[in-house]
Amino acid sequence: MTSPRDDDRFDWRAAEHDLTEDAPDANVVDLDAARAARTTDPDDDSGPVLVDSPAAQRSPRFTLDGARAGQRRPILPAWLRSRAELRDTMRWAVGNLLHTTAYHVTRLPKYAGKLALRAPAGAVRLISGATRWLFDWEGEPLRQSTSQTRDGELYLKLSKQRDRRVRWRGIVTVFTLAVTLAGGVAVALAPPWARWAVLALLVTLCGMLGQPADKPLLDTAVVIPRVAQLTSDVVVRALAVLGIAGITQAIAKQGHRAIAFTAPITRDGPGWRADIDLPPGVTAGDVIERRDRLAAGLTRPLGCVWPEGQPEVHPGRLLLWVGDQDMAATPPKPWPLLKGTGGFDLGRPVPFGTDPRGRIISFELPYTNLLIGSIPGYGKTAATQVPMLAAALDPYAELWCFDFKGTGGLDPLEKVSARYASGQDDDTAEEGLLALRELRKECQRRAAVIKGLPKAVCPDNKVTPELARRKKLGLHWLVVALDEVQELFSHPEFGKEAGELAEKIIKLGRALGVILVVATQRPDAKSLPTGVSANAGTRFCLRVMGQIENDMILGTSAYKNGIRATMFAKKDKGVGYLVGAADDAQIVRTFYVDGPTAEKVIDRARALREAAGTLTGHAIGQATPTPAARRDTLLDDILTVLPVTEPKVWAETLTERLADLNPDAYADLTRDQLTAALKPYGITPGQVWGTDPTTGKGANRRGIDRTDITDAVAERNKRRGDKAA
């Protein structure tokens, strides 16, 4: 097979015959003609263009489509385009100015003492300088050198020049002394305050003249860290030591040209930003997973180096941001909602944290569900608390909080929660299951309400902030926090049903004003159903240890695309990847609200709810409605009313017997409620033949097999025995 180059190869034999047809013994070849015949005219569109020809390598022509596809850089910096960031920047600038002013004002006595001590030296310098100027001593070395060289003519010229200078400088000096003497007399006759002012001015001037070069008068009010500038050479050197074969080989062949910088390295907030195209075959994820070695190559603390991928451009695009200070050592910004005494509209974006550049990152809580995950001890509960505190400040939002870890991380929210439970026991897990059942019914009720509203009021068939404020509709925001939810989803009795309910709620509740905030420390298929993780619109992943956990929280292929929460170090507490709040994944450090501060926020939220009349349920001491069938005694009660001689019984008959046995617990028990209560035990009603006592006729109806009940009791007792052991 011939290559394209072979097809376009010049036939030297044919040219030789054509050019020397009449020459019998020798051939002369016109090389210019041969080259012209061998090369395709780049302006001629009739022939092929070789891939390595100048025409092929020429930059494409400017087109309107190309200009439209270009990325426009912002005219104003980010802090000027955001009202919140502008307000924060101006607040910092004013605070910095006030701090600097107060710092120097308190040190005025120290500065005055320095000036007084340096004033004599300054006076000596002033008199010495004036004397040298008056007698032209600065020209004395030149005059002496001319006398030694015996250049008489030059010496006479310099002497005459000195005489002229001394003459007019003497006149200026006499005039100055006269003015000074007159001024001294005026000061002596002036009021005391004027004499002291002139004395202070003279001391200040002499003190400034007497200041040593290495000892400035003013102390440093704000110490600004000095960091080395990030350059392309530094970046290439750091990438070269990562041990990535694709980078090492490319640099060995092409040098620094192997790493392409798509934009100049610039300042971006308190740090440097570099947009990098890695060599072919190298992905941003390859660099991100070696973040510690990258920081070592840049000779910067690990908390300063934040590489991010940009998969929407291509997998090899790397955005490297290198901060001036370690993110963990930087004082955290206070939560913006701590200030003021008013409430908060949950329809607005919730301030959640800051990115490495110090910019505030917010996300919209309505119309989404929040999934938070990490290994223990990295700020999962604190991250859960931030959106819940924001919801608490909206007096028209209803809160349900369940802490299945039982450590009290959500205890401050108990004062404003309509439903609340905390603990690691079966009772707390059961309360969580019952809450999910009620939540499922609430979703069905809200769907019916929205369906009945006119299109002019609800055009998009979803709860709007305006509808959430109308009490009569009952469409207020309902925010449910499930902390350490793996304890519920992996429960042997309640887990399966709870997972199914949560999946239905998380799919349907988004448009109905029902919001789930789910936090887990063990993101696997058993403890976090895939239907829950797959339908969470907003995800926040703090430090995890592996790819599976990373993708369970952040979504399938997140790890492959370079969004890796495995890169966070031990000290990166509260730092994680936020996905779903913006087009791209964001590294965010959550706001931290400590216990006493959270209590103050909740006291403010409770006062707002009392004023609005929206405080209900657990917050005002109302007991949570108990289930119609109590799970802890239901199986035993069924065996009590179902004798051994009766192996099967209709469900209707069983509910009547249970109501006779314990009216307080089972008076309102229905067949459907009994079926739901038995479902977690794996008991499903089947067809049972029986005789209707009112008609005396036989019929097949749904009923219970006593053997299923006895097996469930045996399994329950076995499990309880294992726990006790």
Side-chain angles (χ1 to χ4, degrees), residues 79-80 86-144 158-227 270 324-325 330-331 333-334 339 358:
W79 63 272
L80 275 178
L86 176 61
R87 183 168 56 249
D88 183 69
T89 302
M90 296 305 298
R91 186 184 298 113
W92 171 85
V94 172
N96 187 70
L97 178 62
L98 293 177
H99 170 81
T100 304
T101 303
Y103 182 89
H104 291 307
V105 167
T106 56
R107 285 160 178 76
L108 285 178
K110 176 183 177 181
Y111 299 155
K114 282 185 176 182
L115 290 172
L117 292 176
R118 296 172 180 177
V124 171
R125 289 183 181 180
L126 178 63
I127 296 173
S128 175
T131 303
R132 291 178 61 83
W133 177 79
L134 174 62
F135 296 103
D136 195 21
W137 285 353
E138 63 270 15
E140 185 64 23
L142 181 59
R143 291 190 293 271
Q144 292 294 334
L158 293 175
S159 298
K160 291 180 180 179
Q161 182 187 52
R162 175 186 177 277
D163 293 340
R164 289 195 301 270
R165 286 182 176 179
V166 171
R167 188 179 303 111
W168 75 264
R169 289 180 181 181
I171 296 173
V172 173
T173 302
V174 171
F175 178 77
T176 303
L177 290 176
V179 173
T180 303
L181 181 61
V185 173
V187 169
L189 299 177
W193 65 266
R195 293 197 295 270
W196 285 108
V198 172
L199 178 62
L201 179 61
L202 291 176
V203 171
T204 300
L205 293 176
C206 292
M208 294 178 67
L209 290 174
Q211 173 180 302
D214 59 341
K215 294 180 180 180
L217 174 64
L218 302 180
D219 296 340
T220 303
V222 179
V223 179
I224 301 176
R226 301 294 180 184
V227 295
D324 298 337
Q325 289 183 291
T330 305
K333 289 186 177 182
K339 298 181 179 180

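Below, each value reflects all heavy atoms present in this structure, side chains not excepted, and no hydrogens, waters or symmetry copies.
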Between side-chain atoms of residues 109-123 and protein atoms elsewhere (two or more places apart, or another chain), which donor-acceptor pairs fall under 3.5 Å?
unit_1: K110; atom_1: NZ; unit_2: D219; atom_2: OD2; d: 2.7
unit_1: Y111; atom_1: OH; unit_2: H104; atom_2: ND1; d: 2.9
unit_1: Y111; atom_1: OH; unit_2: D219; atom_2: N; d: 3.2
unit_1: K114; atom_1: NZ; unit_2: L217; atom_2: O; d: 3.4
unit_1: R118; atom_1: NH1; unit_2: K215; atom_2: O; d: 3.4
unit_1: R118; atom_1: NH2; unit_2: K215; atom_2: O; d: 3.3

Taken in chain and number order and not counting sequence neighbours, the residues that satisfy salt bridge (charged side-chain N to carboxylate O under 4.0 Å, His left out) with R169 are D136, E138
Using atom types as modelled, flag every donor-acceptor pair under 3.5 Å from a side chain in residues 175-189 to any protein atom, sequence neighbours excluded.
unit_1: T176; atom_1: OG1; unit_2: V172; atom_2: O; d: 2.7
unit_1: T180; atom_1: OG1; unit_2: T176; atom_2: O; d: 2.7

Out of curiosity, [X] [atom1] to [Y] [atom2], how far, rounded to the nearest 0.5 Å?
| X | Y | atom1 | atom2 | result |
| --- | --- | --- | --- | --- |
| Q211 | R125 | CD | CZ | 9.0 Å |
| R164 | K160 | CZ | NZ | 8.5 Å |
| L126 | L209 | CG | CG | 6.0 Å |

All side-chain contact (heavy atoms from CB on, under 4.5 Å) counterparts of L199, not counting sequence neighbours: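 By the side-chain contact (heavy atoms from CB on, under 4.5 Å) rule, L199 matches W196, V203.
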Which residues pass the side-chain contact (heavy atoms from CB on, under 4.5 Å) test with W193, not counting sequence neighbours?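 W193 satisfies side-chain contact (heavy atoms from CB on, under 4.5 Å) with P191 once adjacent residues are dropped.
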Which residue pairs satisfy the salt bridge (charged side-chain N to carboxylate O under 4.0 Å, His left out) criterion with at least one member in residues 185-213, sequence neighbours excluded?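 Sorted result for residues 185-213: empty, none.
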Could you check whether any side-chain heavy atom of V198 comes within less than 4.5 Å of a side-chain heavy atom of L202, counting everything from C-beta outward?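 Yes, close enough: below the 4.5 Å cut-off.
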